[in-house]
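To keep things clear, I will list the structure first and then write my remarks on it.
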Amino acid sequence: MRLLNKASVRYLKQHRLQSVLSLLGVALGVAVVLSIDLAIQSARIGFQVSAETVAGLATHAIQSDRGSIDEDFFTRLKLDLNITEAAPVVEGLVTSTSLPGRTLKILGLDPFSEGPFRPYTSGNSPSLDVNQFITTQGGVILTEELASEGGLTTGDSIVIFSSGVRWALPIVGLFQSEDRLTRSGLSDVLVMDISGAQEVFGMVGTLTRIDLRILDSERSYERTIGEITDNLPSGLRLENVGTRSETMAGMIRAFDVNLTALSLLAIVFGMFLIYNSMTFSVVSRRTSFGRLRALGVTRNEILRLILREAFWVGTVGTVIGLALGVFLAQGLIGLITQTINDLYFALSVREISIDTVSLLKALTMGIGATVISSLPPALEAAGSTPRAASTRSIIESKTRRVIPMLAWSGLALCLLGWLVLLLPTRSLSVSFISLFAIITGMAAITPLGTVVLIEFVQPILSSFFGTLGSMAARGIRTTLSRTAPAIAALVIAVSVTVGLGIMINSFRGTLINWLDGTLQADIYVSLPGPQASRASGTLSDSLIKDFVSADGVVGYSTYRAVDVIRAEDTYRLVALELDQRGEGAFDFQSGDSDAIIRDFQLGRGAIVSEPYAYQRQLDVGDSISLAGEKSARSLPILGVFYDYGSEQGTIIVSRDVYNTAYNDDGVTSLGLFLGDSSQSDGVVQDLLDNVPVGREVTVRSNATLRSASLEVFDRTFKVTGVLRLLTFIVAFVGVLSALTALQMERTHELGLLRASGLTPAQLWRLVVGQSGLMGLIAGVLAIPVGILLSIVMINVINKRSFGWSIQMQIDPEVIIQGIALAFFAALLAGIYPAFRMANTSPSVALRRIGE
Amino acid sequence: MIESGPSVEIINVRKVYPSGDEQRAVLDGASATIRAGERVAILGPSGSGKSTLLNLLSGIDEPDSGTIEINGLDLRSLSENQRTLFRRNQIGFVFQSFNLLPALTVLENLLLPLELIGKTGNEANERARFLLEMVELSKRADSFPDRLSGGEQQRIAIARAVVHEPSLLLADEPTGNLDEDTSHRLMERLEDLLTSGKTTLVVVTHSRDLADRMDRALALDHGGLVEY
Ligand SMILES: Nc1ncnc2c1ncn2[C@@H]1O[C@H](COP(=O)(O)OP(=O)(O)OP(=O)(O)O)[C@@H](O)[C@H]1O
Ligand SMILES: [Mg+2]
């Protein structure tokens, strides 16, 4: 129908502002979802590529908890067990002054064993001069890109710090692999001869792991596996490489699901927006549709007309959204890799990989969401009889009848969502579905809330502002079919912002309390490194000796952390030599703290963090196992302590217990107690002054470490903050468009008011006042909803995602912010229409015949 | 003039509207027969149900009881969709409130009924322009309806109602906004047009003058139709 399409286009053009806002809504919704998807995908792909490149063609690896395997075992493997395809590997993380802020991985390899494993390092690789590689002491090879990033080239030396010790390593060659994937997999890797790497990491005579190639297509597969397993010394495990990297990738699953869910919220808001603007555009053309029906245009033709329009708005909006999403992903990838680095594992992803699946997904989602959300208004417009379609009072009375029903079904939906939350499952998807159900249910209740609130404020407004005040209130109630969805959208947007705000604040508050309790020492000594909370490297013995005997130091605790990554599980193992002064550091879920600490000090068992116990469904009395080189033993859990340092979970044993299992006297960090706490800044300075040249060590006072920890916290919540902002922008655009449309639609009515003597200033006050009132109502309704959402997010979603207990804490600031946000957003939405209306002469306003 | 069988058959029609808490019958036991090609005026005071009757005849609205047959077709036997298609093909309607489409120009408003029955292109264009000429508004072809005066809008509404040569033309006070001279000229031309196409005409009017030009007049009285 050429003419009908023409009319559609004209309508959209005439309502340019609304059309642009609709497009923007779709575009932003799609952009948020796509960017999160792309950023997470890219991080995953980056991880996978680097894991695969580093593992090469290895199928299995012999691993230990501590990454420390006696070299002799490798010799035995080759000679006694006759395993030919085996390669020793020494691996570790370092930092470099040439590449500040990045974590580099040193991969120490034996070129003669490499043949079957990593083609890029084997003897016959054209880019590699094996002789030079082996003969140059400490020589490293890196990718051209990495070298040029640090302004380095062959012949230069790259300065690195390993365990705080400075090394200058000559660059003997650059990878010039044709293969882009290999290059990106090696983007943060320095390849070294194995003996050099052993020296750098102070692990002469030991290996990090042994890579193996055992193909299950071979007949001897089972026998080989069995033979190796039987001969494994204590503390060593034979692991499948794929399973292991899956376990590692799985570490970010909860993080991933949470971000994705949050990004989906943006699409939900986008849909709300589209629903709203389509409803408006349909409602304001009701009369036109009625006239068309009277002329003989069928219901289906009307339906198709509206859906076609939605399809085009959806398509154009989505295409803009895709471009915007790719752009946004570029910014998010940095934040996301930073968080993964802070919380999970070393990862360097610089560019996003744009996969077609993500694009198609976003495309379908954008267009689908637009069409689906315009279905209700389209069906409504098409379904009504030609006469009813043009009678507004019918719509309004229908709306009024629907409101209580809507509220009841909303309540039912909330209850259903709540019940689903009570199900004994830990599934995150289920939790998010119920969260969304609760949000939707709440949205359905808001119209009733609006009516009730207006009933309440109308007399107040009328006594303060006279007829105009009561008119503003009445206007909202008499046009509920359009005001209610706008208010509902605003309520949901603001409540999500409030909910997230409460959650982040509560989390931060809990963390501060926890830090105050946990950080008992006056000074903390650790190795520098960009990873906030991950353990790497150990402090040197002499340094420890110097520090603990320094002036003013009266006691110390040592802390040894090992990030255990097993094919089936990952957690942090900590050996703690706990000074008596630090015994109050733990806050246990249950039991007598003093008794638990006494037993712990006596080596009667281990204590585990809350996430460790929650995720593995363990409790006091259950046991954990230590599998070290010296012995393997199992220990009872003495207590479960609150901890927010690692979401994988932490096991802490006393140093003595640790030493019975592991052959390791390393110390990751040191806590010093002073006779006089007020001296800590001076002592920190003294200690730093005594650090030998060429060594790097971080010495921080209690207060500095505390604020550094909070900085990491804030950094990890940056992504959430950005998403919260984006989601709010989408919602804001929605509200802006809904309220603008609402006021624009009243042109005729307002023209009448002007004609009957309302001054432009009065009209201005009426329109802006009414918008502001709607904002205020939405703000007030959003607070309980926001609090409810935060309860669910804190007690269910967070608990199931990370296993943390968070004390809920409602800041009045968050509440006030929420109300102000709603109020000002709505006020702003009223300004343009008010301006237009006040400046339109009544005759023009009246002349515009009903559309 | 009376040539063939009935074009419109109204049998015992009742239409009730809610009025406050009670139901009020606007039409009650209305019956009448109008032959094909006949021209009938409907008279009656304001609020007596004239527009309601036209809505029923066009299938825009449905009676609560009774039967309406147009060209031998019982409207009740048609589905909503069939009724719409029937309206598009057989009926022209001059609405009391014009019902022009604001998003279309004057010319496009005339082209729409043609497009609905599948007529586009030059022929349609010529037909639309011919009718614009007839209502003396050729110059306003590209204006939008909200730029026209009330009387001009009414003339466009008349042109639009006949542009697709309907077999039944329903007109709700088609000259209500026109001065006597214009009204006269317009009706003459319209009658010419209809006679050649043998269109049945049902026109609601307060104007004695217009009623006198018709073959017959019916009056609405207490919900029933009586010969005037
Ligand atoms: N949808 C409706 N709901 C309730 N009452 C209606 C409805 N439509 C019409 N009425 C009532 O039915 C009665 C007849 O209306 P109608 O429009 O048919 O009158 P009319 O004879 O055309 O009057 P006029 O000469 O003023 O145009 C009026 O009292 C009107 O109020
Ligand atoms: Mg009437």
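Chain naming here is simple, since letters A, B, ... match the order of the sequence lines and numbering starts at 1 in each. As the structure is a prediction and not an experimental result, all values here were calculated from the model.
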Q: Supply the atom-to-atom distance A/Q14 CD to B/F144 CZ, rounded to the nearest 0.5 angstrom.
A: 7.5 Å
Q) In this structure, are over 12 heavy atoms from other groups packed under 6.0 Å from B/E133 atom CD? A) no
**Q.** B/F86, part contacting chain A, at a heavy-atom distance under 4.5 Å
**A.** neither
Q. Does A/R293 reach the main-chain N or O of B/T84 with its side chain, forming a donor-acceptor pair under 3.5 Å?
A. no
Q: Identify which of B/S97, B/G92, B/S58, B/A103 forms the greatest number of heavy-atom pairs closer than 4.5 Å to chain A.
A: B/A103
**Q.** B/H222, NE2 atom: more than 12 neighbouring heavy atoms under 6.0 Å
**A.** no
**Q.** Least distance between heavy atoms, A/R291 atom then B/L100 atom
**A.** NH1-O, 2.5 Å
Q) Looking at B/L104 and A/L3, what are the two nearest heavy atoms and their distance? A) CD2-O, 3.6 Å
Q. What residues, two or more places apart in sequence or in another chain, satisfy salt bridge (Lys or Arg N to Asp or Glu O under 4.0 Å) together with B/E62?
A. B/R83
Q. Among B/I60, B/L101, B/N109, which one satisfies side chain to side chain contact (heavy atoms under 4.5 Å, CB included) with A/L295?
A. B/L101
Q: Answer with side chain, backbone, both or neither: which region of B/F98 has an atom nearer than 4.5 Å to a non-hydrogen atom of chain A?
A: neither
Q. Which atoms of A/V9 come close to chain B, meaning under 4.5 Å heavy atom to heavy atom: side chain ones, backbone ones, both, or neither?
A. neither
Q. So do the side chains of A/R299 and B/N81 get within less than 4.5 Å of each other, counting heavy atoms only?
A. no
Q. Any residues in residues 114-132 of chain B near chain A, with a heavy-atom distance under 4.5 Å, and which are they?
A. B/E115, B/L116
Q | Contact origin within B/S79 toward chain A - heavy atom pairs under 4.5 Å | A | neither
Q. Which heavy atom of A/G296 sits nearest a heavy atom of B/R88, and at what distance?
A. O-NE, 2.8 Å
